[in-house]
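One structure is given here, and the rest of the page talks about it.
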There are 2 protein chains.
Amino acid sequence: MNKETEDVQRNERPTRALDAFDRKILRSLVEDARLSYAEMGEAAGLSAPAVHERVKRLRASGALKGMQATLDGAQVGKPFLAFVHVDADGWGKSQRMIRLKEFPEVEEMHSVAGDTCVILKVRTASAHAMEQFLSQLYVLPGVRGTKSYVVLSTYLERPVQADVTHDWPQVPLPPE
Amino acid sequence: MNKETEDVQRNERPTRALDAFDRKILRSLVEDARLSYAEMGEAAGLSAPAVHERVKRLRASGALKGMQATLDGAQVGKPFLAFVHVDADGWGKSQRMIRLKEFPEVEEMHSVAGDTCVILKVRTASAHAMEQFLSQLYVLPGVRGTKSYVVLSTYLERPVQADVTHDWPQVPLPPE
DNA sequence: CCTGAAACCTCCGATTA
DNA sequence: TAATCGGAGGTTTCAGG
C-alpha cells in the first residue's frame, strides 16, 4: 500500500491547522456548495486541481463534514418549529435518547449545562404532530419533564461560518 | 422593503405542492449537495435535464434555499457552543437585534413563545469570546437579561429533512 | 503546486407525449 | 406543461513535471 498519500490520515495530531487557502475554500463552500473547483480556486488563488485536492483533505480530516441542501421548513411541509428542553433523571438513561435521531423531526440534540439536561430542535408539520412527538418523548425512561419554546419567527438560520481573521462588528448605539 | 425584513418573510410565489420527484431530489441533495444531476435522476427516475429543470424550479420557489458546506465547529476554531435566551423589553426594539447577524458567531436567531423572547445559537472560539459576545448583547437597547445554556455534547445536528411518507419510529416501551 | 488532456457533466434548444 | 434527446462548452480528475 502506498504510504505517501496517507500522510494526513495517519497524522498523530488531531488535525493540522487550516491555512489561509483552506479557510478561503471553506468560506466559498459555506456560501455555495455547488461552486466549481475553478471558481473556488479563483477566489482562493489556486488552480482547480489544487482546490480539489484540498477539499478532499478537508473532508478526510473531518473539518468539512459534508455538503447539504438547505430547505425551507414551511415549504417542505414542516412549518412548526420548537426548541424543547428535556429534564432527565439520570445520565445513563440519556444514552437511550440517541434513538431520537430516528425521528426526522429532530434536527438537533445537545446535552447542556444549566437548568435543563438536553435541548432538542424539533420541526414538525403541525402543533398536533409536535404533541405526538412530545408524547413519544415521555415514553423514554428517565424523562422527567419538558419545556417547549415555540418559534414565532426565524430571523437567522445559517451554517457554521468559517471565519477569516474576524473583527468584532461594532453594534451601533442608537442616539436616544 | 429593506433587505433585512425581506429575508424574514420572502415566501410568496405561486408555489405548487411538491410531488414525489421533487421530494426524492431534495432528499438526495440534503444527503449530498454535490451529486450530479445524472445521479439524482437515477435515484428519482428522471433524466438529468429533467432533474436540472426541477432543481431550478425548487430554487426559484424557495423550497430549496441553497447548498452549503457543513463544517466541524471545533476544527474550524469554534469549539464553544451555547444557546442564549434573551429577555427583551419591547418588540419594536427587537428589530434592532437583526444586526446580530453581523456577528458570524450567531448562527440562529428566533423569537419564541415562552418565558423568554429570543433564542440565539452562538458558536465561539472560547468561553472568553462568548463572554465578549454577551457583553455586546447588553449594549442593544431593550435587552433586559440573558440566560445561557452551554453545550456539553452535540449528539445530533442536521439540516431540515425532506420526509417521504414518514412512519413514526417505535420507541420501545419499557415494561411497567 | 502547476499544466494538459480524457471523460464526464451541465445546460441549452429542439422535439415529443 | 413537462419529459427526453443531442451536442457544444465547461468541469472533474487523472497524469506528469
Side-chain angles (χ1 to χ4, degrees), chain A residues 1-11 13 15-72 75-77 162 164, chain B residues 12-71 75-76 162 164-165:
Chain A
M1 178 177 296
N2 195 346
K3 302 221 169 178
E4 301 172 348
T5 55
E6 311 259 312
D7 265 352
V8 172
Q9 292 166 344
R10 301 185 64 90
N11 207 329
R13 304 192 297 171
T15 303
R16 219 185 48 209
L18 308 176
D19 65 13
F21 288 130
D22 291 325
R23 263 188 290 267
K24 279 185 185 169
I25 291 168
L26 291 178
R27 244 160 61 98
S28 298
L29 283 175
V30 166
E31 228 182 279
D32 182 355
R34 281 191 85 92
L35 287 174
S36 70
Y37 294 115
E39 287 169 307
M40 292 180 242
E42 198 166 344
L46 288 175
S47 69
V51 173
H52 182 242
E53 189 55 40
R54 275 170 182 267
V55 169
K56 272 197 295 189
R57 233 175 47 207
L58 289 166
R59 258 186 189 284
S61 80
L64 171 56
K65 293 201 283 187
M67 330 269 220
Q68 265 96 30
T70 304
L71 309 184
D72 183 292
Q75 294 203 46
V76 298
V164 266
Chain B
E12 286 35 89
R13 198 160 271 257
T15 251
R16 255 189 331 257
L18 307 178
D19 64 14
F21 288 130
D22 291 325
R23 263 188 290 267
K24 279 186 185 170
I25 291 168
L26 290 179
R27 244 160 63 96
S28 297
L29 283 175
V30 166
E31 229 182 278
D32 183 355
R34 280 191 84 92
L35 286 175
S36 70
Y37 294 114
E39 287 168 308
M40 292 181 243
E42 198 166 344
L46 288 174
S47 67
V51 173
H52 183 243
E53 188 56 40
R54 276 171 180 268
V55 168
K56 271 196 295 188
R57 235 177 43 207
L58 288 166
R59 257 185 191 285
S61 79
L64 172 56
K65 294 201 283 187
M67 330 271 219
Q68 264 97 30
T70 303
L71 309 184
Q75 295 203 49
V76 299
V164 266
T165 31

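Reminder, nothing fancy here: chain letters follow the sequence lines and each chain counts from 1.
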Subject >> Verdict with supporting geometry, A:Arg34 and B:Leu29, side-chain contact (heavy atoms from CB on, under 4.5 Å) >> reply: CA-CA 11 Å; A:Arg34 281 191 85 92; B:Leu29 283 175; 3.9 Å; yes
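The pair B:Asp19-B:Arg54 counts as a salt bridge, with a side-chain nitrogen and a carboxylate oxygen less than 4.0 angstrom apart.
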**OP:** Determine, for nucleotides 2-14 of chain C in 5'-to-3' order, which nucleotides have protein heavy atoms under 4.0 Å from the base (write B), from only the sugar-phosphate (write S), or from neither (write -).
**Re:** SBB----SSSB--
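Computed from coordinates, the A:Arg57 CZ to C:dC1 C1' distance equals 11 Å when rounded to whole Å. Rounded to an integer number of Å, the gap from A:Glu53 CD to C:dC1 C1' is 10 Å.
Residue B:Ala44 comes nearest to B:Lys24 through the heavy atom pair CA-CD, 3.9 Å, listed as atom of the first residue, atom of the second, then distance.
Judged by distance alone, with hydrogens and angles left aside, the side-chain atoms of B:Gln68 form no donor-acceptor pair with the main-chain N or O of A:Asp32 at under 3.5 Å. Checking side-chain atoms of B:Glu39 against main-chain N and O of B:Ser36 turns up a donor-acceptor pair under 3.5 Å.
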